[in-house]
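All chains are named by letter (A, B, ...) in the order of the sequence lines, taking the proteins before the strands, and each is independently numbered beginning at 1.
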Amino acid sequence: MPANFRIYNTLSRQVEDFQPVEAGHVGIYVCGMTVYDHIHVGHARAMVVFDAFVRYLRYRDWRVTFVRNFTDVDDKIIKRANEVGKDPVALASEFIGHFHHDVTALGLAMPDHEPKVSESIDAIVEMISHLVAKGHAYENEGTVWYSVETFPEYGKLSGQKVDELRSPDEVPGKRSPADFALWKAAKPGDPSWDSPWGPGRPGWHIECSAMSLGDIGQTLDIHGGGLDLVFPHHENEIAQSEAANGTKYVNYWMHNGLLTMASGQKMGKSLGNVINVRDALADFPAETLRLYYLQNHYRSPLPWGPEALPEALAMLGRLYEARENAEAMGGSEPAEQVIQSLGADAERVWELGTSFIERMHASLDNDFNTAQTLGHLFELARATNRFANHKKAKKRGGPVVAPALAAFAEVSHALGLMGMTTAAFTDEVKVKRLGALGVSREEVESMLAERVAAREAKDWARADEIRAELEARSIVVMDRPDGSDWKVRLSAAAS
RNA sequence: GGCGGCAUGGCCAAGUGGUAAGGCAGAGGACUGCAAAUCCUUUAUCCCCGGUUCGAAUCCGGGUGCCGCCUCCA
């Protein structure tokens, strides 16, 4: 039996108990990308949040049908294609490739279905035909409009009232300013398909109604997307689907908050401060972004700035280090015996470790509170490190930290964090951060070797001199009982 | 103008009735050849005013500020 959970529903503006349409199954549809450019770190938040959410649902034994679409027929794509002299559908196809590359690098699982508009024209035409037949839509010179006044519940998601909407430019052919296009008559040079209303292409909103119907059904358990899609996109989807099918479209509307710039405004091309995912991934391990996203609640705005990723990397490094400390512990006595002899710090790790999974479930089952979950994980990390300071912890502490290690594994399954070995993580950090700084690894390692020799000769002056040179390259040296290691310093300057 | 949301320590942030998780940064200490990492210590009139309550960051009313949407947007 899958575990029950609670989720905020934009429709009711409340956290609600989740009730599936079909027992044990969650059908979730998330608005994907309009593919005419590389995705930026703001888009990636939505992708990561819903990936983590679906991952968690499956971890909690739900059967999930996860659908995320591609808008590959659209005004912006056509515009961009004309600018670069390419075929629009081919251009979109190219950026779908880039999308898959970026999203795979981010560690996302593939959805069960990734419908494309260009491959869903029949279903779209069929749905529009229904709407026309039922009197919810009308045709005018090859363009089909949805008649908003035929759907009295219009506005129930966004709270918008049709009369109050701004409608700056008058569009010819519409009966009412709030009406929106279901089918756009072909203009010369546009990609177009045949339809009962002549050649043309779908409007933006109808695709999601048609594709979700095909891949999930009339009533979706959950429909996700960015908060900026609530109006008009999701409002229009409701109008289309409920008018066409005569059934409730979506039980739970789940919207992620937006990435905001330091100024408080959202990231967008018009602001000229867009960071592409592939650029971020060149400089930081993928889990850095995942932690950055999941450290805040998914509905909150998430501030972006030059410190965002370095800070997240510092956090991630802390978690990996704590896990490594736990992994390094051995011993085969019963945990109880070790706790008895090593005292309160051992007891604390044991208690936090054994209770972690329950606390994680409680947090994530309550509107997917990843921030709280990570708070618990950091508490566990600190307790682990504290315990690791005991002289006898390394030899005897293994049984005491076993639940903590299990907790880390659980987080990995549930949220897709801490999925690497410490060695792989450390190495990826070195490669990417050195690359970002333009420092050669060979150079660092030869300098470090020279310093080790100087230290063995107790030539502290020379050792300190080399350390200063390394620091000038943003390399921090760490001397340990078993040898010297190094890492790249994280700071604003380093990003 | 309309609709929706937010306001918690230097910064980020969790927390919806019983006197504030966590992270980053700073300061002091332990450790270290010196450092780094780690650990310990340390910083909160929870935007303002009023109300409900034995008790409110948490509920209600008013105010102020910020953000999103109303045009494409994750």
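- C39(B) and A25(B) are spaced 12 Å apart, taking the P atom of each and rounding to whole Å.
- Among the nucleotides G22(B), A74(B), A37(B), the one closest to any side-chain atom of His40(A) is A74(B).
- Set against A35(B), C24(B), A37(B), the side chain of Arg480(A) has A37(B) as its closest nucleotide.
- The phosphate of A14(B) (OP1 or OP2) has a side-chain N or O of Ser300(A) nearer than 4.0 angstrom.
- Nearer to the 5' terminus of RNA chain B, by closest-nucleotide assignment, is the contact made by Val477(A) (compared with the other of Asn389(A) and Val477(A)).
- When the C1' atom is used for both A36(B) and C69(B), the distance is 48 Å, rounded to whole Å.
- Comparing U38(B), C70(B), C40(B) by their nearest atom to the side chain of Asn385(A) picks out U38(B).
- Of the P atoms belonging to A14(B) and G22(B), the separation is 15 Å, rounded to the nearest Å.
- Note on Arg451(A): a base of the nucleic acid sits closer than 4.0 angstrom, heavy atoms only.
- Within 4.0 Å (heavy atoms only), Gln160(A) reaches at least one base atom of the nucleic acid.
- Phe50(A) does not carry Arg68(A) over the face of its six-membered ring by the limits of under 6.0 Å from the centre and within 45° of the normal.
- In this structure, the nucleotide among C3(B), C69(B), A14(B) sitting nearest to the side chain of Lys161(A) is C3(B).
- Minimum atom distance to the side chain of Lys487(A) is reached by A37(B), of the listed A74(B), A37(B), A21(B).
- Pairing for C39(B) goes to G29(B), judged as Watson-Crick or G-U wobble with the two contacts each under 3.5 Å.
- The nucleotide C3(B) finds its pairing partner in G68(B), both defining distances of the Watson-Crick or G-U wobble pair being shorter than 3.5 Å.
- Taking atom P in both C66(B) and G17(B), the straight-line distance is 31 Å, to the nearest Å.
- Atom name P, nucleotides C48(B) and A44(B): the rounded distance is 16 Å, in whole Å.
- Positionally, the nearest nucleotide of RNA chain B for Glu321(A) lies more toward the 5' end than for the other of Gly257(A) and Glu321(A).
- Distances were taken from every side-chain heavy atom of Glu311(A) (C-beta onward) to each of G23(B), A74(B), C40(B); the shortest belongs to G23(B).
- Stacking between Phe378(A) and the base of G22(B) is absent under the criterion of ring centres within 5.5 Å and planes under 30 degrees.
- Base pairing of C47(B): its partner is G63(B), meeting the Watson-Crick or G-U wobble criterion (both donor-acceptor distances under 3.5 Å).
- Using a 4.0 Å heavy-atom distance criterion, Leu229(A) is classed as a sugar-phosphate-only contact.
- Taking every side-chain heavy atom of Leu259(A) into account, A74(B) is the closest of A74(B), A13(B), G33(B).
- Residue Cys208(A) is tested with Asn236(A), Asn69(A), Val30(A), Thr71(A) for a side chain to side chain contact (heavy atoms under 4.5 Å, CB included); the sole match is Asn69(A).
- Electrostatic pairing of Arg441(A) and Asp427(A) counts as a salt bridge here, judged by a charged N lying under 4.0 Å from a carboxylate O.
- One can find a donor-acceptor pair under 3.5 Å joining the base of G33(B) and the side-chain atoms of Asp464(A).
- A salt bridge between Glu83(A) and Arg80(A) is present, with a side-chain N of the basic residue lying under 4.0 Å from a carboxylate O of the acidic one.
- For the C1' atoms, the distance from C6(B) to G18(B) is 26 Å, rounded to whole Å.
- Classified by interplanar angle (parallel below 30°, tilted 30° to 60°, perpendicular above 60°), the ring pair Phe356(A)/His376(A) is perpendicular.
- For Arg13(A), the listed nucleotide lying nearest its side chain is G5(B); candidates were C69(B), A74(B), G5(B).
- The side chain of Gln372(A) lies closest to A14(B), out of A14(B), U38(B), A13(B).
- Residue-level contact check: Met315(A) touches the backbone only, with heavy atoms under 4.0 Å from sugar-phosphate atoms and none from bases.
- Counting non-hydrogen atoms under 4.0 angstrom, Ser363(A) reaches nothing in the nucleic acid.
- Checking G10(B) for Watson-Crick or G-U wobble geometry (two distances, each under 3.5 Å) identifies C24(B) as its partner.
- In this model, a side-chain donor or acceptor of Arg455(A) finds a partner on the base of G33(B) within 3.5 Å.
- Residue Arg386(A) has its side chain nearest to C39(B) when only A74(B), C39(B), A14(B) are considered.
- Salt bridge Arg6(A)/Asp367(A): absent, no basic N to carboxylate O contact under 4.0 Å.
- Within the shown strands, nothing qualifies as a pairing partner of U53(B) under the Watson-Crick or G-U definition with both distances less than 3.5 Å.
- Annotation: cation-pi geometry not satisfied between Lys184(A) and Trp145(A) (NZ/CZ under 6.0 angstrom from ring centroid, within 45° of ring axis).
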